[in-house]
Amino acid sequence: MWRSTSCLRLSAAGKRTTTTISEGSLARRSKIEHWSHSRAISTTSAPEVVRGHASSRQASGAAAVKLKPLPSGTSDQHGAVARTDVPTSRIDDRKVVVGWDTQTWSRYHHIWLRDHCRCPQCFHPVTKQRLVNTFEIPFDVKPVAVESKPEGLEVTWPSSQPHTSFYPWSWLRRNSYDPPLARPPPVEKILWGTKILQDPPTVTYEQVMAEDERGLFKWLSNVDKFGFCFVSGVPPTPEATEELSRRIGFIRETQYGTFWDFTSDLAKGDTAYTTLALGAHTDTTYYTDPCGLQLFHLLEHTGGSGGATLLVDGFYVASILKELHPTAYDLLAGVRVPSHAAGEPSALYTPTPRSGYPILRHSHSDGELTQVRWNNDDRSVMSNLEPSMVEEWYDAIRKWHKLLTSADSEYWIQLSPGTAVVVDNHRVLHGRSAFTGKRRMCGAYIGVDEYRSKLAVLSEKFAPDDVVRDTSAYASVNGRSLWNPAL
Ligand SMILES: C[N+](C)(C)CCCC[C@H](N)C(=O)O
Ligand SMILES: O=C(O)CCC(=O)C(=O)O
């Protein structure tokens, strides 16, 4: 173990203290520090086991990086019980080879390992940013030694830049690229049709607003799984609805304002501000980065009828289209659709590139459907179609439309004051029936990154990833593991 004389302290009991960090106490980004480090002689019985490196340049007032003791069953200089399933490791010409078992090996390039060192001098423990200068690592850097420790791989780099790095086994396995090894499956998406009306995902306002954020995690987990979730018991005011929206993250301001409270007065240049029916669509298709979530709360509807809310699971409908009409599916996945928002004199939105994006967007890595982007009212001129494709494309979107509007796909609900709904605008389409009378709807957009960030923070707390669980005991700073696979 190493005693760092660097710059961050967790209290001896491992409780987080207020961390003040002086810039001077960290290695500069400009070059790799020539480390001098003293091999700690402490044993794991000491209250704190420290991992890191003494920088040859100590800023004044640096406190020691003190992390919590390694997990039980850890070996130390005095031969405490070590785990028996420690992977093997050896140095090859350009890579370190780790043997997980007799059949499974991973190879990590030396420069890759050095670049991913997460000691406090190479990786800022508070900001989780790289400090080591990647471009000053000798391209042919090669370890002088590797050692398989119970909790991870220890690599000692050449004496010209003396430095010891440590990589937890769980982190190495998760990030194995030669070969890629099994990774946890993505969160299950539950596809639904009209029958979701029997038991739609719902949480209470009280749960969502509770200080411990467990209810907030439940709400966003439902959105992640179903693409939408109701919140019942919301005070029927724009103020309470805005506060509810901000529980997720800051609201995304657009040409329609920040928190919107609208009715059919054409206050903004969009048909949402009329009494017209709106077919199933996703919003802001005309932005390069369409909004992530959309929250709606009907505050009032008097003196008329209609104005029911429509929800359609775009992933569900796409799965049926793929099954029944694969050629049409491929066209929707390949043809770019331009769109615009031009109803406000002060705004004329079109996406970059101007040709827009396909209706169905897929992950490049695994081909999974990741986004539905469809608003036929906001679609611009289809000027990029090959002449031979024109009729085929129109046939494809007719097949798409037919499935979107089928009784099996449509989930109609009459919202009422007190029940808000949040929709994943990258998956679930929404719409409404025409209406008469005075109808007042409020809500907000949340950016997709704000939504995913909040869900990630809540997941760290309530459903941590295996690598986070494995490493947080000894490598957490400000409640975040340095080895979080998201980093
Ligand atoms: C939600 N709010 C009423 C503020 C605006 C609605 C804008 C709808 C627009 N046609 C789109 O699809 O993005
Ligand atoms: O008025 C509604 O219920 C929904 C309007 C709409 O589709 C939108 O604002 O995007």
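Note that this is a predicted model, so its numbers are computed, not measured. Atoms within a ligand are numbered from 1 in the order they appear, just like the ligands themselves. Side-chain atoms are counted along with the backbone in the values below, which use heavy atoms only and exclude waters and symmetry mates.
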Asker: Quick one: do the Thr350 and His340 side chains pair a donor with an acceptor below 3.5 Å?
Answerer: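 The criterion, which ignores hydrogens and geometry beyond distance, is not satisfied for His340 and Thr350.
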Asker: Which of the numbered atoms in ligand 2 are below 4.0 angstrom from a heavy atom of Arg439?
Answerer: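 Selected atoms, number and element: 1 (O), 2 (C), 3 (O).
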Asker: Is the closest heavy atom of Phe296 to ligand 1 under 4.0 Å?
Answerer: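 Outside the 4.0 Å threshold, so no.
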Asker: Are the ring centres of Tyr256 and Trp260 closer than 6.0 Å?
Answerer: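 Between Trp260 and Tyr256, which both carry aromatic rings, the centre distance is not below 6.0 Å.
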Asker: Considering non-hydrogen atoms of the protein only, which is the closest contact for atom 8 (C) of ligand 2, and what is the distance?
Answerer: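 The answer is His430 NE2, 3.6 Å.
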Asker: Answer with yes or no whether Gln294 contacts ligand 1, where contact means a heavy atom under 4.0 Å from a ligand atom.
Answerer: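 It does; at least one heavy atom falls under 4.0 Å.
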Asker: State the atoms of ligand 2, each with its element, that fall below the 4.0 Å cut-off from a heavy-atom position in Arg432.
Answerer: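 Within the 4.0 Å cut-off of Arg432, ligand 2 contributes 1 (O), 2 (C), 3 (O), 5 (C).
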Asker: So is Arg439 actually on top of Phe435's ring, under 6.0 Å and inside 45° of the axis?
Answerer: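 The answer is yes, since Arg439 meets both limits relative to Phe435.
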Asker: Is Thr104 reaching over with its side chain to a backbone N or O of Trp100, donor-acceptor style, under 3.5 angstrom?
Answerer: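 Judged by distance alone, no pair lies under 3.5 Å.
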Asker: As an exercise, identify every atom of ligand 2 less than 4.0 angstrom from a heavy atom of Leu278.
Answerer: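 That gives atoms 5 (C), 6 (C), 7 (O) of ligand 2.
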Asker: Considering only protein heavy atoms, which is closest to atom 4 (C) of ligand 2, and at what distance to one decimal place?
Answerer: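 Here the nearest protein heavy atom works out to Phe296 CE2, 3.9 Å.
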Asker: Check each atom of ligand 2 against the heavy atoms of Gln294 and keep those under 4.0 Å away; list them by number with element.
Answerer: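 Answer, ordered by atom number: 8 (C), 9 (O), 10 (O).
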Asker: Mark up the atoms of ligand 2 that fall under 4.0 Å of a heavy atom belonging to Asp283, in ascending order.
Answerer: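 Answer for ligand 2: 8 (C), 10 (O).
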Asker: I'd like to check which ligand 2 atoms, numbered from 1 as shown, lie under 4.0 Å from a non-hydrogen atom of His281.
Answerer: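 That gives atoms 7 (O), 10 (O) of ligand 2.
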Asker: Tell me the protein heavy atom at minimum distance from atom 12 (O) of ligand 1, and give that distance in Å.
Answerer: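 Result: Asn375 ND2, 2.9 Å.
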Asker: At under 4.0 Å between heavy atoms, is it the side chain or the backbone of His281 that contacts ligand 1, or both, or neither?
Answerer: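 Side chain only; the backbone of His281 stays clear of ligand 1.
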